[in-house]
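Every heavy atom of this structure was used, including side-chain atoms; hydrogens, water molecules and symmetry mates were not. Numbering of residues begins at 1 and proceeds along the displayed sequence.
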Amino acid sequence: MASVLNTVPSLRLSNINNTNRVRTRQVFTRSPVSFTRRRLTIRATETDANEVKPEAPNKSPAAAGSSFNQLLGIKGAAEETNIWKIRLQLTKPVTWPPLVWGVVCGAAASGNFHWNVEDVAKSIVCMMMSGPFLTGYTQTLNDWYDREIDAINEPYRPIPSGAISENEACHYTNLVVAFRWPWLGWSIRRAGHDFPIIFYLALGGSLLSYIYSAPPLKLKQNGWIGNFALGASYISLPWWAGQALFGTLTPDIIVLTTLYSIAGLGIAIVNDFKSIEGDRELGLQSLPVAFGEETAKWICVGAIDITQISVAGYLLGAGKPYYALALLALIIPQVIFQFQYFLKDPVKYDVKYQASAQPFLVLGLLVTALATSH
């Protein structure tokens with residue numbers, strides 16, 4: 001059968017290039033060949049379908065996708081009709097933990113956190129404001145303003161896939177903003193500061209979230225400014241909130257965490273590689289678009305590693321050699337995973353790299369916070 005299938009294309013080409021009627025009649029009158037051509041058509045159709053199949057998950061959530069991925073708001077999500085699950089997906093819960101961890105680092109750096117009911121309650125409220133509410137607001141707002149880009153880069157997201165309408169997404173953004181203010185008021189009262197620093201940090205974070213995604217400023221249009229703003233949102237702001245809630249936010253901590261946000265810039269670049277096509281088409285100057293993939297890879301790892309090495313040097317100069325050595329030890333596995341995954345293929349291995357390397361980076365943040373508290 002395989003030999004017959006292989007000969008049919010040549011027969012068909014012969015019919016096109018040769019006007020010999022005898023050969024044409026043989027092809028179309030003999031029942032075995034006619035049957036084979038029918039089978040060949042079916043097999044070609046199957047092959048075409050197989051070639052198209054890998055693109056299907058990019059157009060909409062796969063029916064056989066993961067419900068867990070859907071709740072986290074990441075690629076590979078199952079198709080969902082429950083509106084509240086879709087709204088949760090909009091807020092990308094997978095992005096909440098870094099901000100929750102930032103609050104932990106700020107509380108640790110204050111030196112005034114105690115394991116009692118009041119302090120635990122205050123920290124949980126601060127984590128909720130930083131993670132689900134502020135980050136959820138940021139992600140929903142970003143999805144709304146990036147709906148055209150996501151239609152190219154991430155068409156499985158709720159808005160471009162049609163799982164939720166644009167108006168519903170806009171209303172949900174306002175709902176998230178409104179819901180966080182009562183929690184914020186409670187935190188301000190419990191912090192006990194004469195100056196309402198928690199309020200201004202929350203207001204500043206909300207403003208930064210808005211101008212990051214929304215025109216006319218739309219910070220994310222510039223790879224350097226946008227990624228640094230994102231890094232500061234994930235490292236500096238939650239740290240400041242946690243430290244201000246339990247103690248005093250000092251100028252040296254503000255400078256140190258702002259510099260640490262350069263590492264956050266590097267982390268943000270990791271996510272730019274999967275969006276190159278849409279960013280280039282719609283004029284966003286992400287670093288992979290502006291400098292090319294190869295150069296952007298080294299900018300990314302350089303920002304992450306050099307920042308942490310510099311912080312380790314700061315700790316050493318401040319008379320904290322053990323903390324400095326601990327931080328350096330945590331940098332080593334990050335470099336290993338960079339060469340093992342990220343530098344090989346930043347698109348293919350982005351999730352695997354971040355899952356492997358990020359735990360060591362956030363542990364380094366905690367090491368730095370504990371060093372500054374003593």
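D146 and N153 form no side-chain donor-acceptor contact under 3.5 Å, judged by distance and modelled atom types alone. Checked by atom type, the side-chain pair S236/S261 shows a donor-acceptor distance below 3.5 Å. For the residue pair N112 and S110, no side-chain donor N or O sits within less than 3.5 Å of a side-chain acceptor on the partner. Defined by atom type and a distance below 3.5 Å, a donor-acceptor pair is present between the side-chain atoms of N142 and S213.
Shown here are the side-chain contact (heavy atoms from CB on, under 4.5 Å) partners of I164, two or more places apart in sequence or in another chain: I83, I86, R87, L90, P158, I159, E168. Partners of D345 under the side-chain contact (heavy atoms from CB on, under 4.5 Å) rule, at least two apart in sequence or in another chain, are V347, K348, Y349. Judged as a side-chain contact (heavy atoms from CB on, under 4.5 Å), and not counting sequence neighbours, the contacts of V100 are M127. Annotation: side-chain contact (heavy atoms from CB on, under 4.5 Å) contacts of P97 (sequence neighbours excluded): none.
Atom CD1 of I306 sits in a sparse spot, with 12 or fewer heavy atoms from other residues, nucleotides or ligands closer than 6.0 Å.
Contact record, P216 with Q221: O-NE2, 4.2 Å, taken as the closest heavy-atom pair. Looking at every heavy atom in both residues, A169 comes nearest to T140 through O-CG2, 3.7 Å. Nearest approach of S67 to A78, heavy atoms of both residues: N-CB, 3.9 Å. Here the shortest heavy-atom pairing between A371 and L315 reads CB-CD2, 3.8 Å. Nearest approach of C126 to G242, heavy atoms of both residues: SG-N, 4.3 Å. Residues F360 and P333 come closest through the heavy atom pair CD2-CG, 3.5 Å.
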**Message:** Checking E154 against R157 for the salt bridge (charged side-chain N to carboxylate O under 4.0 Å, His left out) test, could you report, in this order, the C-alpha distance in whole Å, the side-chain angles of both residues, the deciding distance, and whether it holds?
**Reply:** CA-CA 6 Å; E154 299 178 275; R157 295 291 299 154; 5.3 Å; no
**Criterion side chain to side chain contact (heavy atoms under 4.5 Å, CB included) on V362 and L366, from CA distance to verdict** = CA-CA 7 Å; V362 298; L366 183 59; over 6 Å; no
**Message:** Would Y172 and T91 count as a side chain to side chain contact (heavy atoms under 4.5 Å, CB included) here? Give the steps.
**Reply:** CA-CA 10 Å; Y172 183 60; T91 64; 3.7 Å; yes
**side chain to side chain donor-acceptor pair (under 3.5 Å) between Q334 and Q308, worked out** = CA-CA 11 Å; Q334 295 178 60; Q308 294 178 93; 3.0 Å; yes
**Asked** Can T307 and L259 be said to form a side chain to side chain contact (heavy atoms under 4.5 Å, CB included), step by step?
**Response** CA-CA 7 Å; T307 298; L259 292 176; 5.6 Å; no
**Request:** Go through Q358 and L361 one step at a time and tell me if the side chain to side chain contact (heavy atoms under 4.5 Å, CB included) criterion holds.
**Result:** CA-CA 5 Å; Q358 297 308 326; L361 186 141; 4.2 Å; yes
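Between the side chain of R147 and the backbone N or O of W144 there is at least one donor-acceptor pair closer than 3.5 Å. At least one donor-acceptor pair under 3.5 Å links the side chain of T257 to the backbone N or O of I254.
L284 and L217 fall into different hydrophobic clusters, where Ile, Leu, Val, Met, Phe, Trp and Tyr side chains are chained together by heavy-atom contacts under 4.5 Å. The hydrophobic cluster containing W84 also contains F133, counting ILVMFWY residues as joined when their side-chain heavy atoms lie under 4.5 angstrom apart, directly or transitively. Both I198 and L249 are members of a single hydrophobic cluster when ILVMFWY side chains are connected at heavy-atom separations under 4.5 Å. Note on V351 and F337: separate hydrophobic clusters, where clusters join Ile, Leu, Val, Met, Phe, Trp and Tyr whose side-chain heavy atoms are under 4.5 Å apart, directly or indirectly.
Salt-bridge formation is not detected for the pair K220/D279: no Lys NZ or Arg NE/NH1/NH2 atom is positioned less than 4.0 Å from an Asp or Glu carboxylate oxygen.
The side-chain heavy atoms of T135 and K92, taken from C-beta on, include no pair separated by under 4.5 Å.
Residue I336 is found in a hydrophobic cluster whose other members, listed by chain and number, are I332; membership requires side-chain heavy atoms under 4.5 Å apart, directly or through intermediates.
Under the ring pair (Phe, Tyr, Trp, His ring centres under 6.0 Å) criterion, the residue pairs touching residues 255-281 are F273-F342, with sequence neighbours excluded.
Of the candidates W240, F113, W239, F113 is the only one forming a ring-ring contact (aromatic ring centres under 6.0 Å, His included) with F246.
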